[in-house]
Structure formats: structure tokens, C-alpha cells
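The structure appears right after this line, and notes come after that.
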Amino acid sequence: MNFTGKDIISIKDFSKKEINYIIEYATKMVPYAKGEKYKDILKGKVLSSLFFEPSTRTRLSFESSMNRLGGKVIGFSDPSGTSQKKGESLADTIRMADSYSDIIVIRHPQEGAARLAGEFAEAPVLNAGDGAGRHPTQCLLDLFTIHTEKKKIEKNNIVLLGDLKYGRTVHSLAYALALYGANLTFVSPASLRMPKEVINECTEMGVEPTQTSNLEKAVKDADVLYATRIQKERFPDAEEYNRVVGSYIINNNLLENAKKDLIIMHPLPRVTEIDPEVDKTPHALYFKQAFNGVPIRMALLSLVSGGTL
Amino acid sequence: MKKELKIPLIKNGSVIDHITPGNAVKVLKILGIPETSSSIVSVAMNVKSKIGKKDIVKVENRELDPNEVDKIALIAPKATINIIRDYKVTEKHKVKLPNEIIGIVKCSNPTCISNAQREPVKSRFKVIKKDPTEIKCYYCEREPEDIAERII
């Protein structure tokens, strides 16, 4: 399978076979991601890291991945010091980055920005999140985490919880999980339900998701509980927000009836949705999940630049 | 009773027939008429026909390229193009929606990069279903419902 020069824009650009290949390659990257092994397969390569929006995990893990493989990173984490402030178009900024580097990683507030960047760059472009749109490397690391912990993705009972309407990660994750034939349950407040288009996509792939607002019931049979943050600004008043948020808190009490090997995932940052008491339980996988961003991004950087372990 | 023609026959040119009623002006907009042409153009709207009402557009002395006209299938899926030579229909073509629509429909997502003013980008949609028409933005993947309202 050849990924050399390929843009990574949307999870929908990949077949299941290709995703499996990336997951397998990322598995081999784990000791390199931990620093236990070292191979400079990206030596002499330069990554442009263009973050037009704030990010902690995605930016740091991309930069760590490049460094761990012997490459170098240029770029910015705040566009205020760039020509964008002077009115330069994204297309022109991309043309510049393309001439200075071998791979481009971009996060941008506008949906479709990474796809546009791909049209103006010769170098492969990796989408690190475009507005409320896609975030394929997050999706891949989530799939990698489920695969690593459960040895398979298909047939797991997977609960997606929280803001399913606006959440950037859950839409592409639901699509990808349906592609694998996982059993899906969507738990959210009525006003933040999964959009119809996403449910239709799942149905077209033969997966009928269950929709409920009852978290307790959904958790009982779950193998994976994927929580997302409910944002305050989505609610017209603070009282309604507090009521909704209060009913979706994951704590040890909720987990009493859960399966022993239930894993809890979260793209982070979390606010109140997971009580810190859960961190000490074997269910808590979210920090390991955040680490998994490194091997998956190492795998992607290596694959698109033609390097091999 | 003698059948009366709402708009006269043309000697040479193109007739776009069976346009969804009310959409003739939008069809002209998509085809860039009259900006791209100095031909005489006649428009008839809400014309009665065997299968209900329809709009008709006649463009004199200009033979429209059927492939170019295909994009009107977005808002007039039943339209036909007749090429007229010396008052006779010499070619007939039923519009067929192409797989991609570029620069015709504005994306419904205000924060889609295709709506950014300073970017050198044209709107681009993949046609995911032809009947009824469903299109998806190539950039942000949103699927606008009110396509006719979003013609640029």
C-alpha cells in the first residue's frame, strides 16, 4: 500500500483496508513513540506546522512525532505573528510553506481549509482539524486505541456521549466505527443529538445506532464509552447548561454496574464530564489515548513522506 | 381551435424546453445568458403542456453545447435542448447532471473555505444523488437542501 505524497484530509478518503494498514504501522511505532527505540527515518525532512487555531495535544504530538523520527519542525501556533494578519490568503501562505518544507500540517478555523491547502501544495497536507469539520488524525488515533485495547473494532458496543451535534470528533468517529460494524449507541441531551446525516451514513453501512438520553442504561453493556465535552455556549441559559451537564457526569457510582473491561475515552480537554476519581480506575483510557496520538501521527508522517521503519 | 405559439419559432439556434416552471431565469443565470451572448433570447414561463406547466427558453443564432447545458439539470432535471437549423429540430438532448458542479452553487456553510472572500477558490460540489438531486460540498462536506436558492 502506498501513501507517499497523499493528503490526509478526511477519514472518508480511506478504505477500511487502508485504515487497518495505518493502525498496524502505528502499532510498530509505539516503542519509537516512547523513546525506547530510535530510527531517524525522517532525517533531513522539514514539517510546516501551521496552527491558525489553538491546540495542545494535536500540535505537540505532531511536533513530537516529527522530532522522534529525526525530522525538523517549522511553523506557528498563533497566526497573529504571520502575514495572515496583513490579509494574506491561505492559498499564498500554503504556497510559501510548500516551498520551505516537505510535509504540511494545518489546523484552521474554516471548514474545508485543509482540502484547499492540498490543492495549492505539492507536499502532502495533513488536516489537524478544520473548524467544526474534520479531524482525521484524531479519528485514526481513536480507532487505534480501541483496536489496541479490544483487539478488534467490529462488534464492540460503543457509546458516544455528550455534544453529538457540534462535536468535531464524534461525526467522523461514528462514520468510521460504522464502517467497521461496531454496535453504536448515541447518548446526548435532546438538543445536542447526532445529526441526521451521520445517522443515515451509519444506516447505509448496515449499522442501526440506538439513540437515548439514559446514560446509566447505555453504560451497562458498553465495551467503550467515548465522552465529549458539552460546551456552555451551546445553551441559551446557564441553568439549562448546569442541569444537562449534571446528568452526564461519569463517576465511580455510574461505573458500578459497568463491564469490568469497559474503557472510557475522551478526546480531551475535559471539564466536568469525567470525575477525577475515575482516573485511578482501570476504565480510564483517555491519557493513554492522548499518547496514542504520537504513534499514529508518526505512522502518518512516515507513510506520506515515503519513509519506512 | 388553432394552436397558438406563445413565442415564435426560431430559424436557427437552441430551444431549452421542459424547464421546471418558474426556473427559466435561473437557467439563464447558470448559462451566463445574456452576458456571454448578444443573441435574441425569448423566455416563456408557466406554459401549459401535456405533462403540466413548464418554462421555455429560445436562444437565436446560437447552438448551445449540450455538455455545457447539462449543469442546468441541477434546477431543471427534465429539461431538453433542441438545436434548430432552418426551423427544424436537428438535434435533441435531454440534460444529464454531471458528477461535479463547479462555480454554480454557493455553499450553505458560511464558514466553508469556499465562501472565504480572499481565497482563489470556486465553489465545488460532488453530485451524490441525481433524482432527487443531492449535492455535497467538496470542501466542507455540507449538503445544501435549497439548491435553487443558492445559485451564484
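First the proteins, then the strands, lettered A, B, ... as listed; each starts at 1.
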If you measure from [atom1] on [X] to [atom2] on [Y], what distance do you get to the nearest 0.5 Å?
X	Y	atom1	atom2	answer
A/Leu116	B/Tyr138	CG	OH	9.5 Å
A/Gln110	B/Asn115	CD	CG	8.5 Å
B/Ser114	A/Arg115	OG	CZ	12.5 Å

Item to check | Exercise: do B/Thr111 and A/Glu111 side chains pair donor with acceptor under 3.5 Å | outcome: yes
Next on the checklist: Working note: A/Lys196 + B/Glu143, criterion salt bridge (Lys or Arg N to Asp or Glu O under 4.0 Å); need CA distance, chi angles, decisive distance, verdict.
Outcome noted: CA-CA 12 Å; A/Lys196 253 188 203 158; B/Glu143 299 171 22; over 6 Å; no
Checklist outcome for this item: Heavy-atom closest pair (A/Gly87 atom, B/Arg118 atom, distance to 0.1 Å) is CA-NH1, 3.2 Å
Looking at [X], I'd like to know if its [atom1] atom is crowded, meaning that more than 12 non-hydrogen atoms belonging to other residues, nucleotides or ligands lie closer than 6.0 Å.
X	atom1	value
A/Ile74	CD1	yes
A/Lys6	NZ	yes
A/Glu154	CD	yes
B/Lys96	NZ	no

Item to check | B/Lys136/A/Glu197 ion pair, N-O < 4.0 Å | outcome: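 No.
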Checklist entry - Is the closest basic N to carboxylate O distance between A/Lys12 and B/Glu141 below 4.0 Å? => result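 B/Glu141 and A/Lys12: salt-bridged.
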Checklist entry - Contact part of A/Glu88 toward chain B, heavy-atom cut-off under 4.5 Å: side chain, backbone, both or neither? => result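 Backbone only.
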Item to check | Side chain / backbone / both / neither for B/Arg142 at chain A, heavy atoms under 4.5 Å | outcome: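 The answer is neither part of B/Arg142.
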Checklist entry - Which is it for A/Phe120 and B/Glu119 under the side-chain contact (heavy atoms from CB on, under 4.5 Å) test, yes or no, and what are the steps along the way? => result CA-CA 11 Å; A/Phe120 286 91; B/Glu119 299 302 335; over 6 Å; no
